[in-house]
Q: 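Okay, handing you the structure first.
Chain letters run A, B, ... following the sequence lines, proteins first and then strands; every chain starts at 1.
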There are 2 protein chains.
Amino acid sequence: MGEIQVWPERHTLADEAYVELKSRILQSILEPGAKLSIDGLAKHMAISQTPIREALARLEAEGLLARRPLVGYTVTPLLTITEFDDLFDLRMLMEPLAARRSAERGTDRHDMGTTADGLRSMARTPEYAHDAKLSQLEFTEADSRFHAEVAANSGSTVLTKAIRRLDAHLHLHRAYMEPESIGETEVEHLAVAEAIIAKKPLAAEEAMRRHLERSRTRHRAAFEAARTEPTPKPKRAKAKP
Amino acid sequence: MGEIQVWPERHTLADEAYVELKSRILQSILEPGAKLSIDGLAKHMAISQTPIREALARLEAEGLLARRPLVGYTVTPLLTITEFDDLFDLRMLMEPLAARRSAERGTDRHDMGTTADGLRSMARTPEYAHDAKLSQLEFTEADSRFHAEVAANSGSTVLTKAIRRLDAHLHLHRAYMEPESIGETEVEHLAVAEAIIAKKPLAAEEAMRRHLERSRTRHRAAFEAARTEPTPKPKRAKAKP
DNA sequence: CGAACGCATATCCTATAGGATATATCCTAT
DNA sequence: ATAGGATATATCCTATAGGATATGCGTTCG
């Protein structure tokens with residue numbers, strides 16, 4: 001019983017609404033451009049409007065929603081191909097830096113950072129699940145977590161936050177990736193992880209750079225494939241069960 | 001009467017509360033660590049709690065406030081010296097890129113971008129006002145606007161938003177009230193502006209880099225000066241008029 | 001036939017009341 | 001005297017009602 005219970009982390013309905021909505025947005029259950037009705041959401045979640053409003057305000061500040069005063073909130077539209085390229089340009093600036101610093105610190109003797117095994121396990125992608133869609137979701141989340149972990153291990157909160165903000169938008173596009181690229185991703189992630197564990201800053205930086213280059217190519221292919229068949233899920237999200 | 005009225009930009013009480021609170025934080029009227037009572041603020045602004053909550057949620061997502069569920073909001077502590085350095089590292093990555101791209105586009109024939117004169121006028125810093133504190137705030141805002149404008153003129157919304165979300169000026173202003181050499185800043189801004197107007201990408205990039213380097217040096221001096229005298233205003237902000 | 005005006009509805013925004021939780025105070029026991 | 005616990009208060013959080021605004025539709029006029 002000597003365990004230090006860090007505290008049950010009290011959370012409110014506003015927190016739950018925030019998590020729920022963010023999840024729906026990132027899974028494209030709420031499609032880009034969709035209108036979010038406040039009391040519609042309130043009824044759907046069986047809570048009142050006040051916590052919904054609070055969650056929406058946070059998501060807007062985070063860039064996932066757009067707000068027009070006295071009109072309502074809408075889901076941020078998908079990136080254009082130009083914006084997509086710009087986003088990767090920024091990742092190419094920031095994430096190799098994060099990898100380098102992370103490697104400078106290494107994975108041992110840090111209260112805040114990860115362990116070597118933790119990083120390795122995060123680099124790995126989950127096994128194929130039965131449900132293809134679920135598998136896809138797990139992969140995108142695993143990918144996101146790995147990049148976030150590398151950033152966090154850099155020890156720079158500023159850098160970590162900046163990377164996370166970029167990632168939120170990228171996440172919307174991960175859903176369009178081909179499943180066969182999962183294997184490649186895992187290999188590249190492991191290269192980054194091992195360089196960090198071995199405390200080889202330059203190697204880690206370069207490994208991340210290469211990973212992003214190839215990732216960009218893969219995403220771009222998926223992007224243009226999606227262009228041909230206009231929308232993978234053309235059904236309207238009216239949220240009226 | 002032929003003027004196109006872009007619309008009176010409807011705003012809500014939540015918006016007003018947001019602006020008001022942000023302003024108070026930036027002026028250190030609300031000091032770091034200060035507790036913000038929700039219905040205290042509501043009574044003080046003579047509005048109800050709901051819009052206050054919404055404003056607080058936004059400010060929290062923006063990093064100016066910290067929230068503990070069921071306890072309350074507190075003003076975020078100032079940047080540490082490490083975070084200060086990290087912040088400038090990121091600016092040094094992103095803003096020279098923005099300056100380069102901005103120079104590639106130039107300042108003419110763009111619907112979105114600025115005019116040459118517009119950019120020049122933004123490079124200039126405002127005159128001194130009576131109130132030193134307000135004067136300092138105006139300078140910060142002018143500086144912020146110039147950097148934002150250079151970013152916007154790059155044509156990349158992703159880059160622009162990423163730079164804005166760093167909220168560099170916001171945090172720097174909070175931390176260091178020492179008046180930075182206004183003259184130097186203006187000269188450096190003009191160097192950047194002219195390089196952009198002349199469509200010299202490399203020169204613009206380099207000018208921005210040099211400006212940031214010197215700005216970092218200036219701020220750093222103020223930072224360490226502030227370190228010696230621990231807190232400029234040791235009085236508690238209990239906000240009980 | 002097209003455009004403009006007015007009304008009706010849906011939705012947002014704000015205010016207020018009450019339940020739930022954390023913190024401070026006071027008391028008791030060792 | 002100090003540590004531990006119970007009570008009281010302050011504050012947060014949630015729900016709900018009502019005023020205010022934008023949008024859609026039908027009608028009317030040019």
Q: How long is the line joining CD1 of A:Ile38 and P of C:dC13, in whole Å?
A: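 About 5 Å, once rounded to whole Å.
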Q: Is there a residue in residues 64-74 of chain B whose heavy atoms reach under 4.0 Å of DNA chain C, and which residues are they?
A: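 Of all residues in residues 64-74 of chain B, the ones placing a heavy atom under 4.0 Å from DNA chain C are B:Arg68, B:Leu70, B:Val71.
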Q: Is A:Arg120 salt-bridged to A:Asp117, cutoff N-O under 4.0 Å?
A: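 Here A:Arg120 pairs with A:Asp117 in a salt bridge, since their nearest N and O are under 4.0 Å apart.
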Q: Within the 4.0 Å heavy-atom criterion, would you say A:Leu36 contacts the bases, only the backbone, or no part of the nucleic acid?
A: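 Result for A:Leu36 = sugar-phosphate.
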Q: May I have all residue pairs that pass side-chain hydrogen bond (donor to acceptor under 3.5 Å, both in side chains) and include part of residues 70-79 of chain A, sequence neighbours excluded?
A: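 Every pair satisfying side-chain hydrogen bond (donor to acceptor under 3.5 Å, both in side chains) with a residue in residues 70-79 of chain A: there are none.
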Q: Does the B:Asp85 side chain pair with the main chain of B:Thr82, one donor and one acceptor, at a distance under 3.5 Å?
A: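 No; judged by distance alone, with no hydrogens or angles, the pair does not exist.
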Q: Without decimals, in angstroms, what is the distance between B:Glu54 CD and C:dT14 P?
A: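 Interatomic distance, CD of B:Glu54 to P of C:dT14: 7 Å.
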Q: Only one of A:Thr160, A:Ile196, A:Ile163 forms a side chain to side chain contact (heavy atoms under 4.5 Å, CB included) with A:Val150, so which one is it?
A: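 For A:Val150, the side chain to side chain contact (heavy atoms under 4.5 Å, CB included) test succeeds with only one of A:Thr160, A:Ile196, A:Ile163, which is A:Ile196.
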Q: Tell me: CG of A:Asp15 to P of D:dC12, nearest whole Å?
A: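 Result: 15 Å.
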Q: Any base atoms under 4.0 Å from A:Thr50, or only sugar-phosphate, or nothing? Heavy atoms, all strands.
A: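 Base, at least one base heavy atom under 4.0 Å.
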Q: How many whole angstroms separate atom CD of A:Glu60 from atom P of C:dC13?
A: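 In whole Å, C:dC13 P and A:Glu60 CD are 11 Å from each other.
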Q: Using whole Å, report how far NZ of A:Lys35 lies from P of C:dA10.
A: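 Whole-Å distance recorded here is 13 Å.
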Q: Parallel, tilted or perpendicular for B:His189 and B:His147, by the 30°/60° rule?
A: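 Taking B:His147 first and then B:His189, their aromatic rings stand perpendicular (interplane angle over 60°).
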Q: From CD1 of A:Ile52 over to P of C:dT14, roughly how many Å is that when rounded to an integer?
A: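 Going from A:Ile52 (CD1) to C:dT14 (P), I get 17 Å.
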Q: How does DNA chain C read in dot-bracket, base by base from 5' to 3', with Watson-Crick or G-U pairs under 3.5 Å and | used when the partner is on another strand?
A: ||||||||||||||||||||||||||||||
Q: Can you tell me which nucleotide in D:dT11, D:dT14, C:dT11 comes closest to the side chain of A:Leu13?
A: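 Within the option list, the nearest is D:dT14.
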Q: Could you check whether A:Thr12 gets within reach of a base, just the sugar-phosphate, or nothing at all, counting any heavy atom under 4.0 Å?
A: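 Since only primed, P, OP1 and OP2 atoms lie under 4.0 Å of A:Thr12, the category is sugar-phosphate.
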Q: Taking atom types as modelled, is there a side-chain donor on B:Asp143 or B:Thr140 under 3.5 Å from an acceptor on the other?
A: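 No pair is found: no donor N or O on one side chain lies under 3.5 Å from an acceptor on the other.
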Q: May I have the distance from A:His11 (atom NE2) to C:dT21 (atom P), rounded to whole angstrom?
A: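 It works out to 12 Å between those atoms.
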Q: Using whole Å, report how far CD of A:Gln49 lies from P of C:dA15.
A: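 For the pair A:Gln49 CD and C:dA15 P, the rounded distance is 15 Å.
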Q: Show your working on side chain to side chain contact (heavy atoms under 4.5 Å, CB included) between A:His171 and A:Ile25 and close with a plain yes or no.
A: CA-CA 10 Å; A:His171 203 297; A:Ile25 294 170; over 6 Å; no
Q: With side chain to side chain contact (heavy atoms under 4.5 Å, CB included) as the criterion, how do A:Asp89 and B:Arg101 come out once you've worked through the C-alpha distance, each side chain's angles and the decisive distance to 0.1 Å?
A: CA-CA 12 Å; A:Asp89 285 346; B:Arg101 294 210 181 160; 2.5 Å; yes
Q: Does OP1 or OP2 of D:dA22 have a side-chain N or O of B:Arg10 closer than 4.0 Å?
A: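 For B:Arg10, the contact criterion (side-chain N or O under 4.0 Å from OP1 or OP2 of D:dA22) is met.
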Q: If you compare every side-chain N and O of B:Ser48 against the phosphate oxygens of C:dT14 (OP1, OP2), does one of them come in below 4.0 Å?
A: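 Checking C:dT14 against B:Ser48, no side-chain N or O comes under 4.0 Å of OP1 or OP2.
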Q: Please say whether the positively charged group of B:Arg58, taken as NZ for Lys or CZ for Arg, lies over the ring of B:Tyr18, i.e. under 6.0 angstrom from the six-membered ring centre and within 45 degrees of the axis.
A: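 Yes.
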